[in-house]
Enquirer: 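One structure is given below, represented as structure tokens, and several questions about it will come after.
All values reported here derive from a predicted model rather than from experimental measurement. Note on naming: letters A, B, ... go to the chains in the order of the sequence lines (proteins, then strands), and numbering restarts at 1 for each one.
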Amino acid sequence: MSETELRELIKPCLKLAGGIIHACHAVMDSIGYIDRDSKRIIADVFNLSIAEVSGIVSFYHDFKTEPQPPKQLRICMAEACQANQARKLVAAIEQNLHTKIPCHTANGETAIGFTYCLGICPNGPAVTIDGKLLANASATEVLANL
Amino acid sequence: MTTVYLSNDSFAYANGYENVKRACINVGFEYVDVGSRGLAWLEPLIELEHGQDRIAFGPIAADEVTALKEAANSAVTLKSHPKYIGQIEANEFFNRQTRLVFRNAGIEAIGATPTFNTLKANLDRDPHALIDELETSGLRGRGGAGFPAHIKWRTVANTVADQRYIVCNADEGDSGTFSDRMLMEGDPMSLLEGMAIAGYACGASRGYIYLRSEYPLAHESLNNAISISYKNNLLGEKIFGSEFSFDVEVFLGAGAYICGEETSLLESLEGRRGQIRVKPPLPAIAGLYQKPTLVHNVITLASVPSLLDLGGENYAELGIGRSTGTIPFQLAGNVKHGGLIELPFGHTVRELIEEFGGGTRSGRPFRAAQIGGPLGAYLSDAELDTRLTYEDMQGIGAGIGHGGIVVFDETVDLREQSEYAFEFCEIESCGKCTPCRIGSVRGKELMQRLRQSTNKDADIQLVKELCDVMEHASLCQMGGMTPIPVRSALERFPEDFR
Ligand SMILES: Cc1cc2nc3c(=O)[nH]c(=O)nc-3n(C[C@H](O)[C@H](O)[C@H](O)COP(=O)(O)O)c2cc1C
Ligand code: SF4
Ligand code: FES
């Protein structure tokens, strides 16, 4: 995406409350991460310093500053899912992949990370695969989706 | 043509809704998307129109839809379908509830043309009379702290300003809670109507819904409901031809539990890091852009239409003492029948877990329940007969919070849960004050050390001192309440720390 296109993308956010957060979402949605160049442009559009933009980007878990793998697996590790053996699910996946979560799979295709409550707490362990919710997740099912 | 009502709540999505929907289309059912009835273990739930009744089946799989179609013409064959549930209104999980906030969810088609009848009926009332009625009802905030709603409304209404705001807190970060999500997905109109009524009563013309990014379906549903409401002049300029105008927009959070705390939320909504503001001033006096701002949880605001329809006095009849009305409890974790249970205050924790929940899902013995989210206390069997009121829960050092109840069986290790409580605080701390930012890390380390510590007594003593510091010296309840799960675990399950 060119600088001009990026500016056009985030300009409408100027009118909105908390526009800079809208702008960061827009950059995440279209580029996948917010690098230094994007921060510079956001800073310029919103009349802030790059440091201020960095401060905002680093505060929120959703905003990434590095390119992300095409697929995202997020495992809920909050209490209700723990009660339904989310820790065992994580251990089984880690054992199969020979690595510790959070991580990227060896082929670089999938980022695996934790999340804290997806709102389907009686149906845990809950995971999302590319944003799609899966209830009562088993290691076999999750691994088959990687 | 047979009509079926299909739950398209997140519960249903997570359990195969899309395949079921496709199957419904393939067999020629006329399907209507509705919210969830709250019986989470039966999702995806499908209700088939049969004469005057709706017969439920669940959890329905895509390959069971054809049999449903074949059986659809006879009540006898319907009963023999393997997933036959019968009428939801007759189901004992459902028929013992008092549904007020959730009176529409799962029944009306989502996004059906809204009426906002309650707003309409109250638009010629004096705003102060409306607030008086709220006071009579005794409604308290459902976001966690249980603060009387009318005090906030009156403060916002009486603070002189050129602009006031209504902010709906839809950040629902507590583990084990999903009532906000269910309401926004299944009955977003009640929330919008509640916000508009609050706007009218407080003299605010603008509302924001601060929604957590983990809820994409709620996002879609809210945006859809907002656009339908504008089209029908239920939002926007001169609503119902009156002088009252009200606008609502959704603001999407970006993954931060702390942004559920109201001042952090306002910082975020203004486009900054979600760091806590020092109180005072209260948001009701100087909130969003330093203007008087009514910040309420989704359920508090969505309670308003049904409360006004019922009347403040009748609402106050429900519940016990100063815990009036109904609250949608959310039963989750290791429980056989989890889901949404709206009840008047005053039932015991045991009734919810055993009578509604049917015990643990694993079949192993019950060991602990955490009430009120990650900052809530762990209870053992000995406390389960406590009544669910703000006062009774406070009496045992616990709180109702946002109404989440998470059940654990005997496999739970409370040392591990305490380690997690500190870890969660570490991950989600806004970083503004030291007791929380550093204390959470030290607490986690201590809990890890306790696994094979050579001097457990001294380490436990240290944890207790750390809890004292965090409780008394933290700027907000994130650091201030993290000691609650830890202390309750230490006190009620000491053997797990040995
Ligand atoms: C760490 C922390 C997280 C919170 N998260 C939420 C939340 O997700 N949703 C919510 O409604 N209130 C949350 N609250 C409570 C809010 O600060 C505030 O009390 C509430 O939104 C007021 O609404 P009510 O009067 O309807 O309860 C949280 C508080 C703290 C300290
Ligand atoms: S207690 Fe934690 S979350 Fe609250 S202000 Fe202090 S550092 Fe921030
Ligand atoms: S705790 Fe995992 S979905 Fe709520």
Side-chain angles (χ1 to χ4, degrees), chain A residues 13-26 28-29 42 46 48 52-64 74 76-88 113-129 131-137, chain B residues 10-11 13-15 40-41 43 172-178 180-182 208 213-216 218 249 251-257 268-275 288-289 330-335 337-339 361-362 370 373-374 404 406-409 411-412 416-417 420 424 427-428 430:
Chain A
C13 305
L14 269 172
K15 300 195 298 284
L16 302 171
I20 188 161
I21 313 264
H22 289 277
C24 290
H25 275 304
M28 285 299 299
D29 289 345
I42 297 171
F46 283 87
L48 295 168
E52 282 169 303
V53 176
S54 289
I56 291 164
V57 169
S58 67
F59 186 85
Y60 297 96
H61 299 305
D62 287 359
F63 300 147
K64 312 286 182 196
R74 300 174 116 218
C76 176
M77 273 305 272
E79 289 91 337
C81 285
Q82 292 166 4
N84 284 318
Q85 311 300 346
R87 287 194 183 90
K88 279 198 183 139
F114 297 125
T115 184
Y116 299 90
C117 198
L118 295 163
I120 55 165
C121 325
N123 290 346
V127 306
T128 57
I129 300 168
K132 281 185 68 170
L133 276 171
L134 183 66
N136 305 311
Chain B
S10 286
F11 285 137
Y13 265 92
N15 287 290
W41 75 101
E43 297 281 6
E172 196 167 57
D174 288 2
S175 164
T177 69
F178 43 84
D180 296 354
R181 176 189 66 62
M182 273 182 60
Y208 292 97
S213 61
E214 288 86 343
Y215 286 174
E249 69 186 67
F251 178 95
L252 197 60
Y257 175 77
S268 181
L269 188 49
E270 289 184 24
R272 284 188 289 272
R273 292 163 68 87
Q275 277 187 316
L288 187 63
Y289 303 115
Q330 300 123 84
L331 190 58
N334 196 330
V335 65
H337 298 156
R361 197 210 298 188
S362 63
Q370 188 181 26
V406 176
V407 179
F408 294 81
D409 71 12
T411 59
V412 67
E416 212 164 42
Q417 296 310 120
Y420 171 77
F424 186 70
I427 298 169
E428 300 297 342
C430 87

Enquirer: In terms of heavy-atom pairs under 4.5 Å, which option from B/Gly404, B/Ser362, B/Cys430, B/Pro216 contacts chain A the most?
Expert: B/Cys430
Enquirer: Please enumerate all residues that pass side chain to side chain donor-acceptor pair (under 3.5 Å) together with B/Arg361, with sequence neighbours excluded.
Expert: A/Asn136
Enquirer: Only pairs of heavy atoms separated by less than 4.5 Å count here; which of B/Ala14, B/Gly373, B/Ala332 has the most with chain A?
Expert: B/Ala14
Enquirer: Do B/Gln417 and A/Gln82 have a side chain donor and acceptor closer than 3.5 Å?
Expert: yes
Enquirer: Report which part of A/Gln85 has an atom under 4.5 Å of a heavy atom belonging to chain B: side chain, backbone, both, or neither.
Expert: side chain
Enquirer: Check each atom of B/Asp180 against the heavy atoms of chain A and say whether the ones under 4.5 Å are side chain, backbone, both or neither.
Expert: neither
Enquirer: Heavy-atom pairs under 4.5 Å with chain A: which of B/Tyr257, B/Trp41, B/Tyr215 has the most?
Expert: B/Tyr215
Enquirer: Looking only at heavy atoms and a cut-off of under 4.5 Å, which of B/Gly339, B/Ala218, B/Ala40 has the most pairs with chain A?
Expert: B/Ala40
Enquirer: Are A/Tyr116 and B/Glu428 close enough that a side-chain donor and a side-chain acceptor fall under 3.5 Å?
Expert: no
Enquirer: Identify which of B/Phe408, B/Tyr420, B/Tyr13 forms the greatest number of heavy-atom pairs closer than 4.5 Å to chain A.
Expert: B/Tyr420
Enquirer: Can you tell me which portion of A/Met28 sits under 4.5 Å from chain B's heavy atoms? Options are side chain, backbone, both or neither.
Expert: neither
Enquirer: Applying side chain to side chain donor-acceptor pair (under 3.5 Å), can you list everything that pairs with A/Asn123, at least two apart in sequence or on another chain?
Expert: none
Enquirer: Need one label for A/Ile20: side chain, backbone, both or neither, based on atoms under 4.5 Å from any heavy atom in chain B.
Expert: side chain
